[in-house]
Amino acid sequence: MSTETAAAAAEVAAPPAGWDEARSRVYAVGLAAALPTVGRPLADADGHTLAEPLTTRTDLPAFPTSSVDGWAVRGDGPWRVVGRVLAGQTPPPLEADGSTVEIATGAMVPEGTAAILRIEESTRGADGRVAGTPRPAPEWREPGEEAYAGEELLPAGTPVDPAVIGLAASCGHDTLPVRRRPRAALLVFGDELLTAGPPGAGRVRDALGPAVPAWLRRYGCQVSPTDVVGPVADTLPAHVAALRAALADADLVCTTGGTMHGPVDHLHPTLEALGADYVVNTVAVRPGFPMLLARLVDGDGRVRFVAGLPGNPQSAVVALVSLVAPLLAGLQGRPMPVLPQVTLAEPVAGRGDYTHLALVRWDRVAGTAHPVRHVGSAMLRGLAGADGFAVIRPGTSGAAGDRVPLVPLPLTPGERAW
């Protein structure tokens, strides 16, 4: 994996990375720095990522279990009732032909059982004996029917959700080995930003300070209110001090604005001052072109990352889905995100030599993507009504009916959208 120091990059302006190349590059460095494994009780594992394959400690089920309420019978009927077995009990064997025990759904099937007669298909005679015809197919679940002891059920890298937690519990696990969740921080740059009230008098409301932490949490990060700082004063010393402080505890620091080389854009000199290496320095994508990802390595080998997001709000979200989402997938040991394919419902213009990420609504039933309005790089109205970005490759445009990749937005905290 090639990187370049911020100082060297400042001297030689390299061409922007292609969008696919940039995603692959940041995923690889994230995976190489995957966060350590920790044990979490099942109740605290939701939202984490399996660090090891999930295997079962016993056969599933561990013993034969009745799938119906009925009678466990041996030999030919009518059968003499010799007992009852409920779920959670260990019954004695059925030793005599012509005997039966009443059995509940989920109960352990006694040894010696030849069949289970459903309660609704049975009758009781005046002598108390049970009569009926058992169905030919067994009415119980065999040990190992779902899984055998030691069988791998889910691979490492699987996101943990309620279904995974339930499966782990059924396998006999009390804790799970998972990747520690990434800790993220946000630095907001820009003296022109207001943090309260309506915009006016040349100043605009900061939309990214409140929004970016929520996006990061949906990608699996821990972000506390104290991890959000800004607006940071538009001076190099203030930028260096703020970034150094944020890096003390965070695995990833996102910044907003300052990714160009204007008179008050101090991010690049700050990265140089801190000895960072660029993983990606600008990406050939519209909107969102001036984005970056840098890496810092401590003397003890600890790796931290800085994601430079553009100051325009929609461009910042493009940077999140383009660079931050694949990086976080790698840090959490998850597979590289695979993008679903959708059919364009309307034409979408290309952006020349750049990849175009076009905001769309995704009709999951029809598999179609519908472009939305109000999609300027400084606008958020279109984003608020969208489900993701249709990917229009460089040198192409999208015609109605074309199949293209889609970058889904993670619309809920637990959704597996990358």
Side-chain angles (χ1 to χ4, degrees), residues 1-10 22-40 44-45 47-52 156-157 175-187 189 212-213 216-217 219-230 232 236-255 258 266-281 291-309 323-336:
M1 180 56 53
S2 62
T3 59
E4 55 182 339
T5 66
R23 285 171 57 82
S24 297
R25 199 186 298 176
V26 298
Y27 174 74
V29 297
L31 190 61
L35 296 170
T37 300
V38 295
R40 287 283 184 268
D44 297 330
H48 289 74
T49 304
L50 291 180
E52 299 173 9
T175 63
L176 284 176
V178 295
R179 296 287 180 183
R180 176 175 65 77
R181 293 177 65 188
R183 181 166 180 181
L186 174 66
L187 301 181
F189 297 153
V212 169
L216 293 172
R217 292 187 191 101
Y219 284 123
C221 288
Q222 302 177 75
V223 191
S224 71
T226 58
D227 293 323
V228 181
V229 177
V232 177
L236 180 56
H239 279 52
V240 171
L243 187 53
R244 179 177 284 120
L247 288 167
D249 297 316
D251 303 297
L252 166 68
V253 179
C254 292
T255 65
H266 301 297
L267 180 56
H268 291 280
T270 297
L271 294 172
E272 179 181 354
L274 296 179
D277 297 325
Y278 285 116
V279 178
V280 172
N281 185 11
M291 64 178 73
L292 64 87
L293 186 84
R295 179 178 61 184
L296 299 94
V297 183
D298 284 348
D300 61 2
R302 180 189 172 213
V303 181
R304 293 155 299 158
F305 295 93
V306 177
L309 315 180
L323 299 184
V324 175
L327 173 75
L328 291 172
L331 284 176
Q332 295 174 91
R334 298 184 179 186
M336 176 65 175

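All residue numbers in this chain count up from 1 along the given sequence. Remember, predicted model here, so these are calculated numbers, not experimental data.
- Side-chain contact between Phe305 and Val29 is present, with heavy atoms from C-beta onward closer than 4.5 Å.
- Legend: residues meeting side-chain contact (heavy atoms from CB on, under 4.5 Å) with Pro213, ordered by chain and number and at least two apart, are Leu186, Arg217, Val223, Val228.
- Side chain of Gln332 to backbone of Tyr219: a donor-acceptor contact under 3.5 angstrom is found.
- Closest non-hydrogen pair, Leu267 versus Gly308, comes out as CD2-CA, 3.9 Å.
- Not a single donor-acceptor pair under 3.5 Å links the side chain of Arg295 to the backbone N or O of Asp277.
- Val324 approaches Ala307 most closely through the heavy-atom pair CG2-CB, 3.7 Å.
- Not counting sequence neighbours, the partners of Leu31 by the side-chain contact (heavy atoms from CB on, under 4.5 Å) test are Tyr27.
- Contacts of Asp300 classified as salt bridge (Lys or Arg N to Asp or Glu O under 4.0 Å), with partners at least two apart in sequence or in another chain: none.
- Listed by chain and residue number, nothing satisfies the salt bridge (Lys or Arg N to Asp or Glu O under 4.0 Å) test with Arg181 (two or more places apart in sequence, or in another chain).
- Evaluation of the side-chain contact (heavy atoms from CB on, under 4.5 Å) rule for Ala245 yields no partner, not counting sequence neighbours.
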Run the numbers on Leu323 and Met291 for side chain to side chain contact (heavy atoms under 4.5 Å, CB included), then give the verdict. CA-CA 8 Å; Leu323 299 184; Met291 64 178 73; 3.7 Å; yes
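- Looking only at side-chain heavy atoms (C-beta outward), Thr270 and Thr255 stay at 4.5 Å or farther from each other.
- Taken to the nearest 0.5 Å, the CZ atom of Arg25 stands 13.5 Å off from the OH atom of Tyr278.
- With sequence neighbours left out, the ring-ring contact (aromatic ring centres under 6.0 Å, His included) criterion links His266 to His239.
- Here the straight-line distance linking atom CZ of Arg304 with atom CG of Leu252 works out to 12.0 Å at 0.5 Å rounding.
- By the salt bridge (Lys or Arg N to Asp or Glu O under 4.0 Å) test, Arg180 is found to be paired with Asp251, residues two or more places apart in sequence or in another chain being considered.
- A pairwise comparison of heavy atoms in Ala238 and Val232 identifies O-CG1, 3.7 Å as the closest pair.
- Taking CG from Leu187 and CG from Leu309, the interatomic distance works out to 10.5 Å, rounded to the nearest 0.5 Å.
- Nearest heavy-atom pair, Arg302 versus Ala248, reported as atom, atom and distance to 0.1 Å: NH1-O, 3.3 Å.
- The shortest non-hydrogen separation linking Leu296 to Leu274 is CD2-O, 3.6 Å.
- Arg183 meets the side chain to side chain donor-acceptor pair (under 3.5 Å) test with Asp227; sequence neighbours excluded.
- Ala294 and Leu292 make their closest contact through N-CD1, 4.1 Å (heavy atoms, listed as atom of the first residue, atom of the second, distance).
- Under the rule for a side chain to side chain donor-acceptor pair (under 3.5 Å), the partners of Thr49 that lie at least two apart in sequence or sit in another chain are Arg334.
- Not counting sequence neighbours, the partners of Ala250 by the side-chain contact (heavy atoms from CB on, under 4.5 Å) test are Ala185, Val253.
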